[in-house]
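For reference, the structure is listed below as structure tokens.
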Protein chains: 2
Amino acid sequence: MNAEKQTYHHGGLRDALIEAAAQILEAEGPSKMSLRSIARKAGVSQAAPYSHFANKNALLIEVAAFGFSRFSDALEKPAPLSNEAEDLREHLAKLGVVYVNFALENKALFQLMFGDALSHITKSETYLKEGARAYDCIDKAVRRLKDDAAATLAAWSMVHGLATLMVDQKISPTEDTEQQVRSILQFLALN
Amino acid sequence: MNAEKQTYHHGGLRDALIEAAAQILEAEGPSKMSLRSIARKAGVSQAAPYSHFANKNALLIEVAAFGFSRFSDALEKPAPLSNEAEDLREHLAKLGVVYVNFALENKALFQLMFGDALSHITKSETYLKEGARAYDCIDKAVRRLKDDAAATLAAWSMVHGLATLMVDQKISPTEDTEQQVRSILQFLALN
DNA sequence: TATGTAAACTTAACAATGTTAAGATAGAAT
DNA sequence: ATTCTATCTTAACATTGTTAAGTTTACATA
């Protein structure tokens with residue numbers, strides 16, 4: 001199974017389309033990610049995607065779900081060293097750095113994941129699952145320090161706000177993002 | 001000069017187009033804000049806008065500039081009662097409430113202003129001026145409490161993050177946004 | 001006042017996009 | 001072997017941003 005297109009039926013077109021979309025999104029940006037260019041990259045005709053997705057947005061939801069999957073993986077990597085406040089704070093800082101770095105390294109994907117474009121679309125199972133996994137990472141890390149829903153929202157807002165302002169080019173990018181993240185988190189008081 | 005379209009030349013088409021765009025944006029959302037629908041609303045042909053703007057994005061920059069103008073006006077309304085820390089904190093909280101309320105009451109406009117869509121476009125004079133006016137409001141309010149660039153960024157990130165998460169429907173909206181803003185700002189430590 | 005020039009506008013066309021309809025192909029079940 | 005159905009193709013549609021070419025108007029100058 002290494003020939004790339006010998007059968008009439010593609011075989012795994014659904015996944016191939018999601019991957020093609022993600023590649024175009026990263027390489028050429030959202031404006032170039034047309035349904036037709038995605039189909040072209042997957043080696044099928046312009047209307048082929050409609051056998052697997054109701055419309056373009058239904059495909060994009062899966063691209064976003066793929067993004068949340070990678071995002072959650074990245075957020076689960078760091079682990080708190082101990083239960084002492086100092087280590088828990090360090091853990092939270094590491095999550096913040098991962099969050100912002102993911103946004104900067106996957107600009108268009110991050111915007112698709114967190115933007116409003118797909119808000120009114122029916123979410124898929126995997127989208128909801130992977131999104132919840134990311135949220136849980138943040139929520140648990142905060143609540144070990146301060147068991148308060150508002151604290152999670154405060155921390156999330158601060159980090160997400162920084163990521164958003166950077167990705168949307170509302171603040172000039174720094175060379176050292178880690179230092180930037182840590183410098184604002186010093187003003188987050190979880191007591 | 002109250003007849004609405006009697007001359008071949010419109011007279012004030014440039015401003016009329018900006019206003020028409022802003023109205024469509026608020027009333028029908030960004031997807032309905034096509035250059036053609038804007039022209040239709042202003043009572044001119046589809047190509048008429050090109051006499052006043054290089055392209056659609058150049059018009060949208062002016063819509064965003066209009067948004068920043070309103071935004072800055074709103075942010076300039078509250079004034080600190082005194083120089084005591086308590087009053088300065090209260091002033092900052094008020095700015096946060098204004099910020100988030102503006103975002104929620106002008107969802108599509110807020111997304112146009114702060115989104116990435118126009119980032120690579122050449123900014124107009126008024127866009128830069130009105131944007132700077134908004135930033136100065138926030139910066140000055142923070143620096144009266146803590147004269148540190150990182151503190152401004154921390155406060156801005158937190159409030160902007162909350163606004164973004166709400167507008168992009170990543171968190172479920174609360175009935176009382178003021179209370180929501182204040183509840184996260186309690187975790188912002190400016191000492 | 002008459003004339004020329006440039007700005008402001010119109011109509012018509014173009015390629016690209018998302019989507020649908022109709023039909024062709026092929027793998028699987030009977 | 002035949003039928004059925006999912007998967008795919010081709011062709012068409014309306015809508016979009018944009019450009020080209022031509023028309024109308026305002027205004028400066030003679």
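Chain letters run A, B, ... following the sequence lines, proteins first, then strands; residues in each count from 1.
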Query raised in the report: Atom CG of Leu17(A) and atom C1' of dG18(C): how far apart are they, to the nearest Å?
Result: 15 Å
Requested in this report: Report yes if the side chains of Glu105(B) and Phe110(B) come closer than 4.5 Å at any heavy-atom pair, otherwise no.
Outcome: no
Query raised in the report: Roughly how many Å is it from CE in Met33(A) to C1' in dG18(C), rounded to a whole number?
Result: 13 Å
Requested in this report: For the residue pair Leu81(B) and Glu90(B), establish whether any side-chain heavy-atom pair is separated by less than 4.5 Å.
Outcome: no
Query raised in the report: Has the side chain of Gln46(A) got a donor or acceptor that lies under 3.5 Å from a partner of the other kind on the base of dA16(C)?
Result: no
Query raised in the report: Which whole-number value in Å describes the distance from Ile38(A) CD1 to dT19(C) C1'?
Result: 14 Å
Query raised in the report: Taking OP1 and OP2 of dC8(D), is either one under 4.0 Å from a side-chain nitrogen or oxygen of His52(A)?
Result: yes
**Report entry** Out of dT19(C), dT9(D), dT18(D), whichever nucleotide has its closest atom nearest the side chain of Ala48(A)
**Finding:** dT9(D)
Requested in this report: Starting from the C-alpha separation in whole Å, work towards a yes-or-no answer on ring pair (Phe, Tyr, Trp, His ring centres under 6.0 Å) for Phe68(B) and Phe114(B).
Outcome: CA-CA 10 Å; Phe68(B) 273 114; Phe114(B) 285 101; 5.3 Å; yes
Report task. May I have the distance from Leu59(A) (atom CG) to dG18(C) (atom P), rounded to whole angstrom? Result -> 10 Å
Query - Tyr50(B) vs dT19(D): side-chain N/O to OP1/OP2 distance below 4.0 Å - result: no
Report task. Consider the side chain of Asn55(B), meaning its heavy atoms from C-beta on, and name the nucleotide among dT16(D), dT18(D), dT10(D) that approaches it most closely. Result -> dT18(D)
Query - Integer-rounded Å distance: dT19(C) P and Phe53(A) CZ - result: 13 Å
Report task. For Lys32(A) and for Ala47(A), locate the closest nucleotide of DNA chain C by heavy-atom distance; then report the residue assigned to the nucleotide nearer the 5' terminus. Result -> Lys32(A)
Report summary line: Considering only heavy side-chain atoms of Leu13(B), the closest of dT19(C), dC9(C), dC8(D) is dC9(C)
Query raised in the report: Are Leu104(B) and Leu185(B) connected in the hydrophobic side-chain network, where two residues link if heavy atoms are under 4.5 Å apart?
Result: yes
Query - Distance in angstrom units between Asp15(B) CG and dA8(C) C1', rounded - result: 15 Å
Query raised in the report: Can you tell me how far P of dA12(C) sits from CZ of Arg36(B), to the nearest Å?
Result: 13 Å
Query raised in the report: Given side chains that start at C-beta, do those of Lys77(A) and Lys94(A) come closer than 4.5 Å, heavy atoms only?
Result: no
Query - dC8(D) OP1/OP2 closer than 4.0 Å to side-chain N/O of Ser45(A) - result: no
Query raised in the report: Heavy atoms under 4.0 Å, any strand shown: does Ser51(A) hit a base, just sugar-phosphate, or nothing?
Result: base
Query - Protein-nucleotide distance (Ile121(B), atom CD1; dG17(D), atom P), rounded to Å - result: 14 Å
